[in-house]
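Just so you know, residue 1 is the first one in the sequence shown, and it goes up from there. Just follow the structure's listing: the first ligand is 1, and inside any ligand the first atom is 1.
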Amino acid sequence: MTVPETPAPLSGLHRLDPAARLDLLQQQRRLDERDRAVLDAGLSLPEADAMSENVVGRYALPYGIATNFLVDGEELAVPMAVEEPSVVAAASKAAKLARPGGGFRTEATPNLMGGHIQLVDVPDIAAAQRALAAAERELLAHIPIRGSLLARGGGPRSLTTRHIPHSEAGPILLVELTMDVADAMGANIVNTALEALAPLVAELTGGAVVLSILSNLCVQRLATAEVLYTWNALADSRTEGRHLQRRIVQADALAQADPHRAATHNKGILNGVEAVAMATGNDCRAVAAAAHAWAAGEGRYRGLTRWTVVPGADALPQDSLVRARDGEPSGPLLHGRLTLPLALGVAGHSTRAHPLVPVSLKLLGNPDARRLARIAAAVGLAQNLAALLALVGTGIQAGHMRLHARQVALAAGVPAGQAARVAAEMVASRRISTEAALSLHSSLAA
Ligand code: MEV
């Protein structure tokens with residue numbers, strides 16, 4: 001029944017202190033001395049000043065490593081920048097539980113980003129659409145393209161139109177540009193192209209340009225992750241694994257049926273996806289905007305993941321990315337799938353501005369943009385499983401309590417080196433408060 005499982009290369013990382021964690025990452029040649037120095041120094045004030053405006057300081061986030069991730073057969077150390085306690089631990093736990101089922105399998109479409117020019121007061125919309133269709137090649141050729149984008153296989157792909165007959169501002173003609181932005185996030189590339197096209201489009205159609213901007217709802221740039229959880233991997237000392245599989249499917253059904261639950265369900269997914277996006281210098285607001293718009297794509301806001309129980313790997317859907325392996329555990333199997341639009345870049349000035357970005361990318365094996373999106377999707381799926389497993393099992397607060405207690409201890413002024421011990425004592429005594437933290441700290445010091 002059990003598949004021989006290779007231990008994760010970073011298992012036990014959480015038991016070390018930060019310096020020992022870095023030693024381990026260095027021993028495994030995932031990082032070197034220079035990377036350590038960069039992690040230590042973080043973003044400098046001049047770098048911060050160059051990134052934004054009216055800068056007076058830097059706001060640092062915890063930067064942790066999610067362990068146990070086996071994604072398409074590759075062992076990964078996943079950097080996550082996030083302030084919320086439990087997120088990194090939860091992702092690592094879900095990744096560990098996924099290993100007996102073979103880990104995560106992923107795919108991503110090409111890096112196609114879209115954008116639009118909004119035209120109003122077009123005298124003859126049908127004639128304008130015909131003129132634009134006839135001039136498509138010429139217009140695309142007019143777009144200024146940097147050599148580096150062409151070298152990476154990127155460039156404009158199509159120019160189409162969409163008529164919105166009724167809006168508060170009257171009829172709108174949208175001119176929609178699609179570009180392959182290669183390894184960039186793509187906002188600058190698409191916006192530059194649209195602004196270059198706008199005057200030509202206005203002249204050709206006789207309309208007035210209102211705005212030209214990319215769309216964050218990048219429906220042509222999708223990342224998918226899938227995973228299988230064996231029932232015995234999910235079981236704990238209190239709860240039978242098949243029962244947990246069924247409960248997770250029921251919890252998922254609520255996220256499909258009700259937007260109030262779906263928002264929280266998707267927030268949990270984004271805990272993972274955004275933490276990877278943040279660590280790799282990507283625009284988290286763009287990631288969240290795309291995910292939420294996609295979740296509402298069928299006219300009602302829904303959960304982004306789908307969880308089903310199948311009797312065995314043979315019963316998986318035809319288009320499934322996960323497959324039966326030799327020695328695969330028999331069913332029932334909990335099958336999870338997450339698809340979301342994900343515009344993550346690994347090239348481009350904005351992505352590279354933060355000194356930690358190259359370190360994060362190195363930890364991930366220097367992925368291209370599609371691979372990064374696939375990894376982030378796997379982390380989002382893991383995050384969702386961890387949340388659902390906790391919710392249908394012991395509840396979310398049990399896992400949060402120790403980390404919450406640590407924050408209470410730190411806020412009470414307990415030194416960082418002793419906060420974990422004080423927190424553990426507070427949880428054991430079920431007294432989590434500033435007073436308890438201070439009294440435990442002074443009794444430990446005595
Ligand atoms: C908390 O940050 C995320 C969860 O609320 C997600 C969920 O409920 O699925 C635990």
Atom indices of ligand 1, in the order listed, that fall short of 4.0 Å to a heavy atom of Lys267 = 1 (C), 2 (O)
What residue and atom, counting heavy atoms only, is the protein's closest point to atom 9 (O) of ligand 1, and at what distance?
-> Arg261 NH2, 2.7 Å
Nearest atoms (heavy-atom pairs only) where Ala184 meets Arg221 | O-NH2, 2.8 Å
Taking 4.0 angstrom as the limit, do Glu74 and Arg371 come out as a salt bridge?
-> yes
Test item: Asp72 side-chain N/O and Thr106 main-chain N/O as donor-acceptor pair under 3.5 Å = yes
Is ligand 1 under 4.0 Å from a heavy atom in the side chain of Leu388, in the backbone, in both, or in neither?
-> neither
Contacting atoms of ligand 1, where contact means under 4.0 angstrom from a heavy atom of Thr264 = 5 (O), 6 (C), 7 (C), 8 (O), 9 (O)
Salt bridge check: are Asp49 and Arg58 linked by an N-O gap of less than 4.0 Å?
-> no
Relative to the ring of Trp307, is the ring of Tyr229 parallel (under 30°), tilted (30 to 60°) or perpendicular (over 60°)?
-> tilted
Of all pairs that satisfy side-chain hydrogen bond (donor to acceptor under 3.5 Å, both in side chains), the ones with a partner from residues 405-422, not counting sequence neighbours | Gln418-His441
Any nitrogen or oxygen of His265, main chain or side chain, under 3.5 Å from a nitrogen or oxygen of ligand 1?
-> no
Check each atom of ligand 1 against the heavy atoms of Leu391 and keep those under 4.0 Å away; list them by number with element.
-> 7 (C), 8 (O), 9 (O)
Which atoms from ligand 1 have a heavy atom of Asn271 less than 4.0 Å away?
-> 1 (C), 2 (O), 3 (C)
protein heavy-atom neighbour closest to atom 10 (C) of ligand 1 works out as Ile396 CD1, 3.6 Å
Any Lys/Arg nitrogen of Glu240 or Arg247 sitting under 4.0 Å from an Asp/Glu carboxylate oxygen of the other?
-> no
Contact check: Glu84 vs ligand 1, nitrogen or oxygen atoms, below 3.5 angstrom = yes
